[in-house]
Student: 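Sharing a structure here in structure tokens format.
Note that this is a predicted model, so its numbers are computed, not measured.
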Amino acid sequence: MPNFSPRSLHEKWVVMTGATSGIGRIVAERLAWRGAKMVFVVRDEAKGRKLVAQIGGEIIVADLASLKSVAQAADQIHEHCPKIDILVNNAGVMKRRRELSPDGFEMSVAINHLAIAALTIRLLGKLNFAGARIVNTTSAGDPKMLADRAEVTADIPTWRGGPDAYDSAAAYDRAKFANLVWGYELAERLRSAGTTLNAVYPGPARTKLRREMPWLCNQAYHLLHSSHARRGAEPLMFLAISPEVAGVSGAYFDCFRNVPSAFQSHDPAVRRAIWDETSRIIGVDYPPNLPSAPQ
């Protein structure tokens, strides 16, 4: 059984996205119960206020599809938080039809990758570098979608929503793959600072991720594959607080197992291409002069 100690998180600051329902809601409750000071980035203000009324904390209202809104949310977090000990990027979406974000990007990549990258990079200066942790919720789909390096790098233009025929699962996997690879690069850059970043697939759980899919398909999928959201929350808690993974960084976890991701995700050329394009789009690269880990 994974070790979820320490039980007390008093004086620890946690920033979360995707906390108003499903897996994220359970993670938020468990972290708050341990005494963490919670800050939630939410799209729906009413749901955010209900969450805070029940478990405490503060909300920052933001549209994660908009890079301007994400930047404004990061500025507000800087004002509210003296530090960040744990950053959980759990918000995600699977769009049934092709939609473009306010910035002109396909919505899956806008929310599942670009928003995470933009928020995380802008918050690096607030991380408590003596052991801060970043946890990104990802999918099991990254091995299925891309065959070689050329196809990975050629895929970047589809971030703007074309020209291929839209496939909701492929778009979701594409975005999660990009975020996984981007996260590997950031984890390497953060290594000397003492901050860890890991991606976790929590297993198929009954959440609202697939809410735009046809109702009958959703019911069949959850009946055949999904577990309760409580079970899906456990791998996120494991990476957020367990001493068993202290110092582990740049890893892909399938629930509690540290496993290899698709071989393409470890190609240095792919990693650099996705990092460079992401930095260009969000307008921020790795901030200079970040502190190193204490010796």
Student: Tell me, which pairs form a salt bridge (charged side-chain N to carboxylate O under 4.0 Å, His left out) where one or both residues lie in residues 8-28, sequence neighbours left out?
Tutor: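 Sorted pair list: Arg25-Glu29.
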Student: With a 4.5 Å heavy-atom cut-off, do Val41 and Val70 have their side chains touching?
Tutor: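 Val41 does not reach Val70 side chain to side chain.
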Student: I'd like to know if the side chain of Ser261 and the backbone of Ser265 have a donor-acceptor N/O pair within less than 3.5 Å.
Tutor: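 Checked: no pair found.
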Student: Can you tell me how far CD1 of Ile26 sits from CG of Leu31, rounded to the nearest 0.5 angstrom?
Tutor: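 With rounding to 0.5 Å, CG (Leu31) is 12.0 Å from CD1 (Ile26).
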Student: With His78, which residues qualify under side-chain hydrogen bond (donor to acceptor under 3.5 Å, both in side chains), at least two apart?
Tutor: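 By the side-chain hydrogen bond (donor to acceptor under 3.5 Å, both in side chains) rule, His78 matches no residue at all.
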Student: For Pro202 and Leu236, which heavy atoms make the closest approach, and how far apart are they?
Tutor: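 Shortest heavy-atom contact: CB-CD1, 3.9 Å.
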Student: Report the C-alpha separation of Leu64 and Arg43 in whole Å, then their side-chain angles, then the decisive distance to 0.1 Å, and conclude whether the side chain to side chain contact (heavy atoms under 4.5 Å, CB included) test is met.
Tutor: CA-CA 7 Å; Leu64 295 182; Arg43 179 180 59 85; over 6 Å; no
Student: Who are the side-chain hydrogen bond (donor to acceptor under 3.5 Å, both in side chains) partners of Ser279, not counting sequence neighbours?
Tutor: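 Trp275.
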Student: When you compare the side chain of Ile281 with that of Trp159, does any pair of heavy atoms fall below 4.5 Å?
Tutor: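 Counting from C-beta outward, Trp159 and Ile281 do come under 4.5 Å.
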Student: Could you check whether any side-chain heavy atom of Leu197 comes within less than 4.5 Å of a side-chain heavy atom of Thr195, counting everything from C-beta outward?
Tutor: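 Result no, sub-4.5 Å side-chain heavy-atom pair not found.
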Student: Short question: side chain of Thr17, backbone of Ala91 - any donor-acceptor pair under 3.5 Å?
Tutor: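 Such a contact is found between Thr17 side chain and Ala91 backbone.
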Student: Between atom NZ of Lys126 and atom CH2 of Trp13, what is the distance when rounded to the nearest 0.5 Å?
Tutor: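 One gets 9.0 Å once the value is rounded to the nearest 0.5 Å.
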Student: Sequence neighbours excluded, which residues qualify as salt bridge (Lys or Arg N to Asp or Glu O under 4.0 Å) partners of Glu79?
Tutor: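 None.
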Student: What's the shortest heavy-atom distance between Val200 and Pro235, and which atoms?
Tutor: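 Nearest pair, atom of Val200 first, then Pro235: CG2-CB, 3.7 Å.
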Student: Specify the closest pair of heavy atoms between Asp103 and Arg160, including all atoms of both residues, with the distance to one decimal.
Tutor: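 Minimum heavy-atom contact is O-NH1, 3.5 Å.
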Student: Would you say Val39 and Cys81 make side-chain contact, with heavy atoms under 4.5 Å?
Tutor: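 Yes, close enough: below the 4.5 Å cut-off.
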Student: Do the side chains of Glu234 and Arg30 get nearer than 4.5 Å, heavy atoms only?
Tutor: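 The answer is yes; the side chains approach within 4.5 Å.
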Student: Find the distance between CG (Leu180) and CD (Glu185) and round it off to the nearest 0.5 Å.
Tutor: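 Rounded to the nearest 0.5 Å, the CG-CD separation comes to 12.5 Å.
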Student: Check side chain to side chain contact (heavy atoms under 4.5 Å, CB included) between Thr196 and all other residues, then give those that pass, not counting sequence neighbours.
Tutor: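 Checked Thr196 against side chain to side chain contact (heavy atoms under 4.5 Å, CB included); matches are Arg133, Asn198, Ser249.
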Student: Can you list every salt bridge (charged side-chain N to carboxylate O under 4.0 Å, His left out) pair that touches residues 80-92, not counting sequence neighbours?
Tutor: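 Those involving residues 80-92 are Lys83-Asp85.
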Student: Which distance, rounded to the nearest 0.5 Å, do you find between the CD1 of Ile86 and the CE of Met237?
Tutor: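 If we round to the nearest 0.5 Å, Ile86:CD1 and Met237:CE are 8.0 Å apart.
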Student: Taking Ser108's backbone N and O only, do any of them form a donor-acceptor pair with Asn112's side chain (distance below 3.5 Å, no angle check)?
Tutor: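 Present.
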Student: Looking at residues at least two apart in the chain, or sitting in another chain, which of them share a side-chain hydrogen bond (donor to acceptor under 3.5 Å, both in side chains) with Asp276?
Tutor: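 Partners of Asp276 under the side-chain hydrogen bond (donor to acceptor under 3.5 Å, both in side chains) test: Arg272.
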Student: Kindly say whether Lys47 contributes a backbone atom to a donor-acceptor pair with the side chain of Asp44 at under 3.5 angstrom?
Tutor: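 Side chain of Asp44 to backbone of Lys47, a donor-acceptor pair under 3.5 Å: yes, one is there.
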Student: As a test of understanding, state which of Val61, Ile60, Thr20, Ile55 forms a side-chain contact (heavy atoms from CB on, under 4.5 Å) with Phe40.
Tutor: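 The option that passes is Ile55.
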Student: So do the side chains of Lys176 and Tyr172 get within less than 4.5 Å of each other, counting heavy atoms only?
Tutor: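 Side-chain contact under 4.5 Å: yes.
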Student: If the condition is ring pair (Phe, Tyr, Trp, His ring centres under 6.0 Å), which residues does Tyr184 pass it with, not counting sequence neighbours?
Tutor: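 Tyr184: ring pair (Phe, Tyr, Trp, His ring centres under 6.0 Å) contacts with His266.
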Student: Can you see which heavy atom on Ser101 is nearest to which on Ala110, and at what distance?
Tutor: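 Reported closest heavy-atom pair: CB-CB, 3.7 Å.
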Student: Any non-hydrogen side-chain atom of Val270 less than 4.5 Å from a side-chain atom of Phe177?
Tutor: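 Yes, at least one pair of side-chain atoms sits under 4.5 Å.
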Student: Rounded to the nearest 0.5 Å, what's the gap from OG on Ser139 to CZ on Arg174? Could you check?
Tutor: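 Going from the OG atom of Ser139 to the CZ atom of Arg174 covers 12.5 Å.
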Student: Taking only residues two or more places apart in sequence or in another chain, which ones pass side-chain hydrogen bond (donor to acceptor under 3.5 Å, both in side chains) with Thr278?
Tutor: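 Expected list: His113.
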Student: Is there a donor-acceptor pair closer than 3.5 Å between any side-chain N or O of Tyr286 and the backbone N or O of Arg189?
Tutor: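 Yes.
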Student: Please, which pairs that meet salt bridge (charged side-chain N to carboxylate O under 4.0 Å, His left out) have at least one residue in residues 51-68, sequence neighbours excluded?
Tutor: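 Pairs touching residues 51-68 that pass the test: none.
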Student: Grab the two heavy atoms, one from Ile274 and one from Ala178, that are nearest each other, plus how far apart they are.
Tutor: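 Ile274 and Ala178 have their closest heavy atoms at CG2-O, 3.6 Å.
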Student: Between the main-chain N or O of Ser168 and the side-chain N or O of Lys95, is there a donor-acceptor pair closer than 3.5 Å?
Tutor: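 Absent.
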Student: Given the rule in the side chain to side chain contact (heavy atoms under 4.5 Å, CB included) test, do Lys37 and Val14 qualify, once you have shown the distances and angles that lead to the verdict?
Tutor: CA-CA 6 Å; Lys37 300 178 186 297; Val14 177; over 6 Å; no
Student: Who are the ring pair (Phe, Tyr, Trp, His ring centres under 6.0 Å) partners of His80, not counting sequence neighbours?
Tutor: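 Counting only residues at least two positions away or on another chain, His80 forms no ring pair (Phe, Tyr, Trp, His ring centres under 6.0 Å).
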Student: Check side chain to side chain contact (heavy atoms under 4.5 Å, CB included) between Thr120 and all other residues, then give those that pass, not counting sequence neighbours.
Tutor: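 Scan of Thr120 (side chain to side chain contact (heavy atoms under 4.5 Å, CB included), adjacent residues dropped) gives Leu87, Asn89, Ile116, Leu124, Ile134, Trp182, Leu186.
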Student: Are Ile23 and Thr137 packed together at the side-chain level, in the sense that at least one heavy-atom pair is separated by less than 4.5 angstrom?
Tutor: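 No; the side chains remain at least 4.5 Å from each other.
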Student: Starting from the C-alpha separation in whole Å, work towards a yes-or-no answer on side chain to side chain contact (heavy atoms under 4.5 Å, CB included) for Asn258 and Tyr252.
Tutor: CA-CA 6 Å; Asn258 184 344; Tyr252 171 78; 5.7 Å; no
Student: Do Met38 and Val52 pass the side chain to side chain contact (heavy atoms under 4.5 Å, CB included) test, and can you show the C-alpha distance, the side-chain angles, and the key distance before you say yes or no?
Tutor: CA-CA 9 Å; Met38 307 296 298; Val52 167; over 6 Å; no
Student: Could you state the interatomic distance from CG (Leu119) to CG (Leu123), rounded to the nearest 0.5 Å?
Tutor: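 These two atoms lie 4.5 Å from each other.
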Student: What are the two closest heavy atoms between Val109 and Ala175, and how far apart are they?
Tutor: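 So the two residues come closest at CA-CB, 3.5 Å.
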